[in-house]
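Read through the structure below, which is laid out as structure tokens, and then see the notes.
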Number of protein chains: 2
Amino acid sequence: MCDDVLMATTTRAANRAAMESEIRRLGREHLRTYGAAGLSLRAVARDLGVVSSAVYRYVPSRDDLLTLLLVEAYSDVADSVEQAMEAVPPDRHRGRLRAATRALRAWAVDDPARWALLYGSPVPGYSAPAEQTVEPGTRVVAMLIDEVARAEADGVLQCRQQDLTAGLRSDLATIRDEFGVELSDAALVVATTLWSTAIGAVSLEVFGQYGANTFSDPAALFDVAIERALTPLAEAPRD
Amino acid sequence: MCDDVLMATTTRAANRAAMESEIRRLGREHLRTYGAAGLSLRAVARDLGVVSSAVYRYVPSRDDLLTLLLVEAYSDVADSVEQAMEAVPPDRHRGRLRAATRALRAWAVDDPARWALLYGSPVPGYSAPAEQTVEPGTRVVAMLIDEVARAEADGVLQCRQQDLTAGLRSDLATIRDEFGVELSDAALVVATTLWSTAIGAVSLEVFGQYGANTFSDPAALFDVAIERALTPLAEAPRD
DNA sequence: CAGAATCGAGAGCACCGCTCTCGTTTTCTA
DNA sequence: TAGAAAACGAGAGCGGTGCTCTCGATTCTG
């Protein structure tokens, strides 16, 4: 009896857990295959062998499933970047940044649809709930800023001060506070520019802007663009 | 009679022309409002005061309308960039490139949905026909490359040669041929990096990756990122 | 063990892209 | 200028979408 009750209890809960994880899995799969706007709950239901209305027991709406996958993707790419950075010694700032951007690109190339979900055009009619997406969504750029800050602290960042508008100065101050990090305006500009360049280069490649068969070695092109963005950082020995 | 015939003749043709331009206009409007994936021929038909099947007399399919708007957008942004560049004297290469990227950003900020159509995630299930989109789609980057090439020819481009892989060298050679322009590998890297940075910075801003109220002056941030990408170019007098 | 919560199925609503047919109107041509 | 041909708009229809509601059946719980 007790066993029965426990069985029964776990049966329900286990079924629910299995269902939810299966929906996520199929969601990822459909995202990969059909893209964000092509994500269809009915199709997921079909693959699940269940009628369309049934999935609404587990997922409030299509947009909520999208949010789920969005948060998951942000976390995945951030984990991937983090892992790549940590594989390089902490004092090799340039090497760590290089590894970070390479991991970013590799993740995107491996799953273009999820990259599109994160950094592509917003899905029409869908706006990601900030309270769920901001934290995982800022992890990557936070790591870049942090690394540049540590490079500056170590005195290996050589960049001439640019003329900045008062508005921009105050914006940069806000960001500094937000990420809780100490670095100069110039260093912060280096970090955000690196970020822009990386996002731009990856998106151009992944979204097919280079044309079908233009580059046989897009990774090499990506690297030289990143190296250009990294010029203010001194090369560490054996970097 | 002759008048009648002419009237009649023009009535048909004029009606068709008016219809087609109205569909384009409504297409642009819907694109702006609902995004690429939200572009619906039925909705256009409704706004046109006509039954849905009627618009198929003028547009073969939804995707063809999308292609139409895509080509139009590529041409618009290229025109805008071209105009901005031509407003700066031909010898001020850095100033011209600055003006070009600023025009690019201004165009995108003014119409984010069309920017998304050009440089955002591809619309699922839709792939732009290369024979129609490649030419207008490469105009902007062609202008950037051309300007950098002329800067190098004028001897105002100072960039140290990077180590490039053999594959990348041959890719760059292909591009040089494609655009029919003479410039060094290093200069071509400068140009493509500038392009990446510009696209990345604009997309980050327009797609809302900076967060809702992070930057009060995103144009200033864009400018400093571009200036960093433009460092290899000497400043012209009074630039 | 009975009441409550949960579940899957199914019908239904409004929307989508797209195709086909059917009268009407306009244009071309003999 | 009269008749053939082309173009046109309306409407019905097909299969797809997200999402809501109801209705029995199952499962949990007090």
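As the structure is a computational prediction, the values presented were derived from the model and not from experiment. Both backbone and side-chain heavy atoms feed into the values below; hydrogens, waters and symmetry mates do not. Residue numbering restarts at 1 for every chain, and letters A, B, ... go by the order of the sequence lines.
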Nucleotide by nucleotide, 5' to 3', does protein get under 4.0 Å of the base (B), only the sugar-phosphate (S), or neither (-) in nucleotides 11-16 of chain D, counting heavy atoms? B-B---

Using a cut-off of less than 4.0 Å, is there contact between a side-chain N or O of A/Tyr58 and OP1 or OP2 of C/dG8? yes

Rounded interatomic separation in angstrom, taking CE from A/Met19 and C1' from C/dC7: 9 Å

Return the value, rounded to whole Å, for the distance between atom OH of B/Tyr56 and atom P of C/dC18. 4 Å

note: B/Arg16, atom CZ; D/dA6, atom P; distance rounded to Å ~ 15 Å

Worked check of side chain to side chain contact (heavy atoms under 4.5 Å, CB included) between A/Tyr119 and A/Val206: CA-CA 11 Å; A/Tyr119 296 104; A/Val206 164; over 6 Å; no

Considering only heavy atoms from C-beta outward, does the side chain of A/Leu69 approach that of A/Tyr74 to under 4.5 Å? no

Apply the test side chain to side chain contact (heavy atoms under 4.5 Å, CB included) to residues A/Glu29 and A/Val44: give CA-CA distance (whole Å), side-chain angles for both, the deciding distance (0.1 Å), then the verdict. CA-CA 9 Å; A/Glu29 195 180 304; A/Val44 169; over 6 Å; no

Classify A/Leu48 by what it touches in the nucleic acid, base, sugar-phosphate, or nothing, heavy-atom distance under 4.0 Å. nothing

Looking for any heavy atom pair under 4.0 Å, which part of the strands does A/Leu65 touch: base, sugar-phosphate only, or nothing? nothing

Nearest whole angstrom, please: distance from the C1' of D/dT17 to the CG of A/Leu41. 10 Å

Figure out the CZ/C1' separation between B/Arg62 and C/dT19, and round it to whole Å. 18 Å

Can you tell me how far P of C/dT19 sits from CZ of B/Arg57, to the nearest Å? 12 Å

Once side-chain contact (heavy atoms from CB on, under 4.5 Å) is applied, do any residues pair with B/Thr192, and if so which ones, sequence neighbours excluded? A/Leu221

Using whole Å, what does the distance between atom C1' of nucleotide D/dC19 and atom CG of A/Asp63 come to? 11 Å

Keeping to residues at least two apart or across chains, list the side chain to side chain donor-acceptor pair (under 3.5 Å) pairs with something in residues 172-181 of chain A. A/Arg176-A/Asp185

Salt-bridge test for B/Glu82 and B/Arg139: reply yes if a basic N is under 4.0 Å from a carboxylate O, no otherwise. yes

Between C/dC16 (C1') and B/Tyr34 (OH): distance, integer Å: 14 Å

Inspect the contact between B/Arg25 and B/Glu22 and indicate whether a charged nitrogen and a carboxylate oxygen are less than 4.0 angstrom apart. yes

